[in-house]
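Below: one structure, written as C-alpha cells.
These numbers come from a predicted model, not from an experiment. One is the number of the first residue; the rest follow in order along the sequence.
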Amino acid sequence: MHISRTCHRNTVSVLSVLAFLAALAIPLTHAATASAAPDGPPVGIKHSAQICPKPKPKQITCDMRALTRADGILLSTPGPSGGLTPLQLRSAYRLPYNAGKGQTVTLIEAGDDPTAEADLAVYRSQFGLPPCTVANGCFRKVNDTYQNGPLPPTANAIGMIETSLDMDAVSAACPQCNIVLVEANAALYGADAMVFANYYAITTGGAKYLSNSWGGCEDSTELTVDFAFMNPGGAVTAAVGDFGYNTSPCPSPGPMYPATSPYVVAVGETLLTPADNQRGWTESVSPSTGSGCSLVEPAPAWQQSLSQAAGCNGKRVTNDIALAGDPNGGALAVYVGYGIPPGWYTIGGTSEAAPIAAAMFAMAGQPAAQGAASRLYGRPWAVNDITSGSNGTCTPAILCNAGPGWDGPSGVGSPTSLALFNP
C-alpha cells in the first residue's frame, strides 16, 4: 500500500506537534560550543551526561550519553583516546571480522549530515577498517521516501553527533556491512518523517536491517503507525531511551516508542569493562537504560508469560536485549567533523546499542519469521546473563533490576556470539 506524505502527516499527528530538530536544539547549546581538550581531561573531572533533551508528551528526542567536563562541555581529543575500539567491541561479543559481507544496515536519521561520508572515512581509516564510500557501493544517503534527492535540510549539532555515532557503531561491529543513511526531513514533518522513513526503507528500499536511535513518550495513537515497522524476514531495532526507570520524564515510567512496538527489537544499554575472567569482560546494567511495561502495545505471543511475570498484564515489556553503551564503560570513540569542533568524542547510550544490534542481525542472516526479537528468547545458552545493576526502583523488581534470566533493563542479556542471532 502506498501512503502519500499528506496521508502520513495526518496519521501520526500525535507525534508531530513539535519538529524533531527544533526540539533538540533548545537544551543543547553546549554541544555546539564543545571545546577540545588536546591533552585529555584532568583526572577526576570526567562526567557521564545525557546530551539529548528530556522528551515531553507529544515530543521526541534522541538517546545519547557522553563524557563531558564538569561544566557540561563535551570532551574532545585530537585522537580516539577514550571509548571502545572496534577490536574491543568485537572481542567482547565474539563478532567475526568477515561476517556480514554484502549485507546492509539502514540507519534512520534526522536531517542531512553533509560530511557523513568524509567523517566515516576518518573513523574507518583510524582503526584500519575497509573503506566504505559511495564510489565502492558501500555507502549511500537517501531521503525519507528512499529517494536519492532532495535531501532534507542540514541537521543541527546533536543530529551530527547522532549520525556519526550510528555510522561508527555499525562500522565497529560489522566492518564488512554496507551502510545506508535515511535522512528524514524531521524539521518539516516532525516524527512523521522518522516513522515513515522506516516504512519507505522497508517497502521501497527493501531494507532488511534497520536501526532507530530516537523515541518519544507513548500515546495510544502509536498503534495506528506500528505497521511502519513491520519487516517480515528482517529486523528493526530501536533504542529504549537513556532516562532510567523512575526518572523517565514521560507520564509513566518505562521505555519510549518505537521501542515498545511488538515489531521492533527493544535494545537497552550496559556498562562493559575489561576484566580478568574467562570472557575478558564484565557487563552490568547501565543505570540510565530505559525498561518497563508498554502502556498500550500488546505483548507478542512469545512474550506473554514474561508480561505477566513483570506485572505488565499482557502488555509489551522491554527490553529484549542489552549491549554496550555506557560512557563510563562501553561507549565508543566517535569522530564528529561537522556541527561541533571536529574531533573525537566518547559517545554512547542506547543510541549506540541499537545500531550495534542491527549490525549483529545483519551479520547473522535471516531472522525468525515470527519476529526478529522472538529468536532471542529461546537461546539462553547463547547469552551473557547480566545479573547485576539497576536502573531504578520498581515493583515487581524484575522491571528495573538485573537478575538471573530475563529482566527489564538487560532483557535476555547480551550475546556470547552471533549464535544468538543465527538462523
Side-chain angles (χ1 to χ4, degrees), residues 50 52 54-55 60-65 108 162 165-166 169 191 194 198 210-219 222 226 229 235-271 284-297 299-300 303 306-307 310 312 315-326 330-331 348-358 360-361 372-373 376-377 386 389-392 394 398-402 406-414:
Q50 172 64 252
C52 297
K54 292 184 177 181
I60 59 176
T61 188
C62 56
D63 299 303
M64 290 187 293
R65 297 172 64 220
I108 309 300
E162 181 69 73
L165 171 61
D166 292 351
M194 306 299 287
N198 282 268
L210 300 89
S211 173
N212 291 265
S213 292
W214 61 275
C217 299
E218 284 200 284
D219 186 287
E222 72 195 46
D226 271 339
F229 301 97
V236 181
T237 65
V240 298
D242 299 299
F243 299 96
Y245 186 83
N246 303 98
T247 56
S248 171
C250 295
S252 174
M256 297 192 294
Y257 187 79
T260 51
S261 171
Y263 303 116
V264 162
V265 179
V267 188
E269 169 193 352
T270 66
L271 175 68
S284 60
V285 163
S286 170
S288 295
T289 189
S291 68
C293 306
S294 171
L295 296 178
V296 296
E297 300 282 355
Q303 210 187 41
L306 285 176
S307 175
C312 295
K315 294 293 193 295
R316 170 83 156 109
V317 57
T318 69
N319 301 330
D320 295 316
I321 192 173
L323 295 165
D326 195 305
T350 53
S351 278
E352 172 191 341
I356 291 174
M360 289 176 174
F361 276 105
L376 308 178
Y377 288 79
I386 299 170
S390 172
N391 65 340
C394 57
I398 196 173
L399 283 175
C400 63
N401 293 278
W406 182 92
D407 56 71
S410 73
V412 299
S414 67

Could you report the tightest heavy-atom contact between [X] and [Y], atom names first, then the distance?
| X | Y | value |
| --- | --- | --- |
| Cys62 | Glu162 | CB-OE1, 3.5 Å |
| Gly215 | Pro258 | CA-CD, 4.2 Å |
| Leu165 | Ser351 | CD2-CB, 3.7 Å |
| Ala402 | Val285 | CB-CG2, 3.5 Å |
| Ser414 | Ala322 | CB-O, 3.3 Å |
| Pro255 | Cys293 | CD-O, 4.2 Å |

To the nearest 0.5 angstrom, please state how far the [atom1] atom of [X] sits from the [atom2] atom of [Y].
| X | Y | atom1 | atom2 | result |
| --- | --- | --- | --- | --- |
| Asn198 | Ile108 | CG | CD1 | 4.5 Å |
| Leu295 | Thr260 | CG | OG1 | 8.0 Å |
| Leu399 | Cys312 | CG | SG | 5.0 Å |
| Ser286 | Asn391 | OG | CG | 8.0 Å |
| Gln50 | Phe243 | CD | CZ | 4.0 Å |
| Ile321 | Thr237 | CD1 | OG1 | 10.0 Å |

TODO: Please answer whether the main-chain N or O of Val267 pairs with a side-chain N or O of Asn319 as donor and acceptor at a distance below 3.5 Å.
DONE: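 Absent.
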
Open item on the list: If we ignore hydrogens and angles and just use 3.5 Å, is the side chain of Thr270 paired with the main-chain N or O of Ala324 as donor and acceptor?
Closed with: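 Side chain of Thr270 to backbone of Ala324, a donor-acceptor pair under 3.5 Å: yes, one is there.
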
Open item on the list: Classify the ring geometry of Phe229 against Tyr257: parallel below 30°, tilted from 30° to 60°, perpendicular beyond 60°.
Closed with: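 Rings of Phe229 and Tyr257: perpendicular, as their planes differ by over 60°.
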
TODO: Under the salt bridge (charged side-chain N to carboxylate O under 4.0 Å, His left out) rule, collect the residues that match up with Glu269, sequence neighbours excluded.
DONE: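 If we apply the salt bridge (charged side-chain N to carboxylate O under 4.0 Å, His left out) test to Glu269, skipping adjacent residues, the hits are Arg65.
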
- [ ] Find out whether Leu376 and Val265 are in side-chain contact, i.e. whether some heavy atom of one side chain is under 4.5 Å from a heavy atom of the other.
- [x]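 Result yes, sub-4.5 Å side-chain heavy-atom pair found.
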
Task: Thr350/Asp242 under side chain to side chain donor-acceptor pair (under 3.5 Å): CA gap, chis, key distance, verdict - done: CA-CA 6 Å; Thr350 53; Asp242 299 299; 3.3 Å; yes

- [ ] Can you sort out the partners of Asn401 under side-chain contact (heavy atoms from CB on, under 4.5 Å), two or more places apart, ordered by chain and number?
- [x]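 So Asn401 forms a side-chain contact (heavy atoms from CB on, under 4.5 Å) with Ser390, Cys394, Ala397.
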
Task: For Pro355, side-chain contact (heavy atoms from CB on, under 4.5 Å) partners two or more places apart - done: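 Checked Pro355 against side-chain contact (heavy atoms from CB on, under 4.5 Å); matches are Leu107, Asp166, Ala169, Val170, Ser211, Ser213.
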
Open item on the list: Using the rule side chain to side chain donor-acceptor pair (under 3.5 Å), only one of Lys315, Arg316, Glu218 pairs with Ser294; which is it?
Closed with: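 Only one option passes, and that is Glu218.
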
TODO: Apply side-chain contact (heavy atoms from CB on, under 4.5 Å) to Val317 and Gln303, showing your working.
DONE: CA-CA 8 Å; Val317 57; Gln303 210 187 41; 3.5 Å; yes

Open item on the list: Would you say OH of Tyr263 has more than 12 non-hydrogen atoms from neighbouring residues, nucleotides or ligands within 6.0 angstrom?
Closed with: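 Atom OH in Tyr263 is not crowded, with 12 or fewer foreign heavy atoms closer than 6.0 Å.
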
